[in-house]
Amino acid sequence: MRTQSENTARVVVIGAGMAGARLAARVPGVTVVGEEPHAPYNRVLLAEVLAGRYEPDVIALPPAEVRRGVRVVRIDRAERRVLCDDGGVIGYGRLVLATGSNPVLPPLRGLGRTLPDGVHPFRTLDDCLALRAAVRPGVRAVVIGGGLLGVSAARALAECGAQVVLAQQGEHLMERQLDAEAAGMLRRHLEALGVEVHTECRVRGLRCTDGDTPAVRAVELADGYELEAELTVLACGVRPRTGLAKAAGLEVRKGVVVDDELRTSDPYIHAVGDCAEHDGTVYGLAGAALDQADVLAEVLAGRPAGYGGTRALTRLTLRSPSVAPAPSGAAVASGTSGGLDLAAFGDSRPMPGDDVVRLADATRGAYRTVVVRGDRLAGGVLFGDLAAVGTLARTWQDDEPLPADMSLLHLLTNDGGF
Ligand SMILES: Cc1cc2nc3c(=O)[nH]c(=O)nc-3n(C[C@H](O)[C@H](O)[C@H](O)COP(=O)(O)OP(=O)(O)OC[C@H]3O[C@@H](n4cnc5c(N)ncnc54)[C@H](O)[C@@H]3O)c2cc1C
């Protein structure tokens, strides 16, 4: 039985993902409750596990005390305690929601609340291990969604010998990060690996076997065409996990609304990572989750700190183990793997009045483009040769004015013109 004073000081974190584990490392004595059965791991590296390059223990995060395999089912704000699915009740002085996000299940015919056999989301280590167990050379796999997640899943499955079709509803791959030209290069790269890429391709439904345990057989497209499928991966985006917060009456818009001290509408409850909405933004990126956890650790220690947003460095690491995800930084999406090197940061879609500087070397498969808005770097894409990415991303992250007398072409040289 805990005393009231222990409870008053006690920090309880719901969720042992990237933000929760970071808090556990920064806040002494914190109690972390995590629904997943595994020790905390680096979610960004799951495609590596799927491709069979890493075993799960390689992507483990620094060890943390976690009540594993336990889900918090209710927050009792009046009594300041949380109720768990194993019957446990934990009192808190401060509560932190680090519940992450859930994969979006698209409204497809044949897809109910229970997924048919062969249909896999791609969010957790268990999702990844289930997919890895199901994939074998020659298996027909359809990946629905051509964003960062879908591209990395398609590539990993192709590396395992699957016959992969990637169905992307948008005009080109990785629309959030890449311009059309870089997306075209990525597409050619995937096609060289044997992935069949369909863009502007809307999936309408799944065709499954009859019976008590239906299994996917084909993916139906809007034009009536059917893609044969023994495996289907859903990579259609994510949605913040806000159910607990909503049920507890906290303010929730897209995510759980937090202020600069990551505090929700209840002063005793904070939220960080994918589930949190700060200044109208839900980041959905590892860099932001870690930045927020770092700021909250300071706030909980009583030191002055404030979160002002993240220009998050996102790294999609497909092969090279030497390119580990950066803990935080500027907003960059990048992929590296024998033959595939790409990085994108900021807003690389030009607006009227922007300057666009582009350098393409078709022979070497290299491409660089940056967008300059006023006197600032707004974003860029590099493909094939990332030598300039560090300087460019730093310039963008620092949001410093570019030197007035500098030719913009220098931005594309390896030292970024500095
Ligand atoms: C395959 C993949 C690749 C990615 N690649 C990149 C990338 O290249 N770059 C990038 O920036 N981001 C990437 N991301 C996104 C990144 O992983 C997330 O932004 C990051 O994990 C967010 O951290 P989080 O702690 O907020 O959420 P999560 O890491 O999702 O952790 C949330 C945890 O809370 C647990 N939980 C939820 N509800 C409860 C409850 N009620 N009780 C107990 N536990 C609960 C969940 O089970 C989960 O373990 C990728 C994601 C995936 C899936």
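Computed from a prediction, not measured in an experiment: that's the story for all the values here. Just follow the structure's listing: the first ligand is 1, and inside any ligand the first atom is 1. What you see below is based on every heavy atom in this structure, not just the backbone, and it leaves out hydrogens, waters and symmetry mates.
Of all the heavy atoms of V70, the ones lying under 4.0 Å from any atom of ligand 1 belong exclusively to the backbone. Within the 4.0 Å heavy-atom criterion, the part of I14 lying near ligand 1 is the side chain and not the backbone. Using a 4.0 Å cut-off between heavy atoms, V73 makes no contact with ligand 1 at all. Heavy atoms from both the backbone and the side chain of F122 come within less than 4.0 Å of ligand 1. With a 4.0 Å heavy-atom cut-off, ligand 1 is reached by the backbone of A98 but not by any atom from C-beta on.
Each of the atoms 40 (C), 41 (N), 42 (N), 43 (C) of ligand 1 lies under 4.0 Å from some heavy atom of R71. Atoms of ligand 1 lying under 4.0 Å from at least one heavy atom of G273, given by number and element, are 26 (O). Against a heavy-atom cut-off of under 4.0 Å, L244 is close to the following atoms of ligand 1: 41 (N). Using a 4.0 Å cut-off to heavy atoms of L149, the atoms of ligand 1 that qualify are 1 (C), 2 (C), 3 (C), 52 (C), 53 (C). Proximity to E36 (heavy-atom distance under 4.0 Å) selects the following atoms of ligand 1: 47 (O), 48 (C), 49 (O). Set against the non-hydrogen atoms of V33, the atoms of ligand 1 under 4.0 Å away are 43 (C), 44 (N). Atoms of ligand 1 found under 4.0 Å from any heavy atom of G284, numbered from 1 in the order shown, are 15 (C), 19 (O). For ligand 1, the atoms sitting less than 4.0 Å from at least one non-hydrogen atom of A289 are 22 (C), 23 (O), numbered in the order shown with element in parentheses.
Partner of E35 under the side-chain hydrogen bond (donor to acceptor under 3.5 Å, both in side chains) criterion, out of R67, R68, R241: R241 alone.
Both tests hold for R80 against Y268: distance to the six-membered ring centre under 6.0 Å, angle to the ring axis within 45°.
Looking at A16, A19, A235, it is A19 that brings a heavy atom closest to atom 25 (O) of ligand 1. Between the choices T124, V44, V66, D126, the shortest heavy-atom distance to atom 4 (C) of ligand 1 belongs to V44. With atom 17 (O) of ligand 1 as the reference point, the heavy atom nearest to it among R43, R67, E48 is part of R43.
Between V72 and ligand 1, at least one N/O pair is under 3.5 Å apart. Checked against a 3.5 angstrom limit, the closest N/O atoms of D274 and ligand 1 fall inside it.
Between R263 and E261 a salt bridge is recorded (basic side-chain N to carboxylate O distance below 4.0 Å). For K254 and E277, the salt-bridge test fails: no basic side-chain N is under 4.0 Å from an acidic carboxylate O. The existence of a salt bridge linking R136 and E230 is confirmed by a sub-4.0 Å separation between a basic side-chain nitrogen and an acidic carboxylate oxygen. Residues D274 and R123 are paired through a salt bridge, judged by an N-O separation under 4.0 Å between the basic side chain and the carboxylate.
Shown here are the ring-ring contact (aromatic ring centres under 6.0 Å, His included) partners of Y307, two or more places apart in sequence or in another chain: H278. Every salt bridge (charged side-chain N to carboxylate O under 4.0 Å, His left out) that E36 has, sequence neighbours left out, goes to R43.
G205 and L108 get closest at one heavy-atom pair: CA-CB, 4.0 Å. What you find for V135 and A162 is that their closest heavy atoms are CG2-CB, 3.8 Å.
For the pair L23 and V30, the minimum side-chain heavy-atom distance is 4.5 Å or more.
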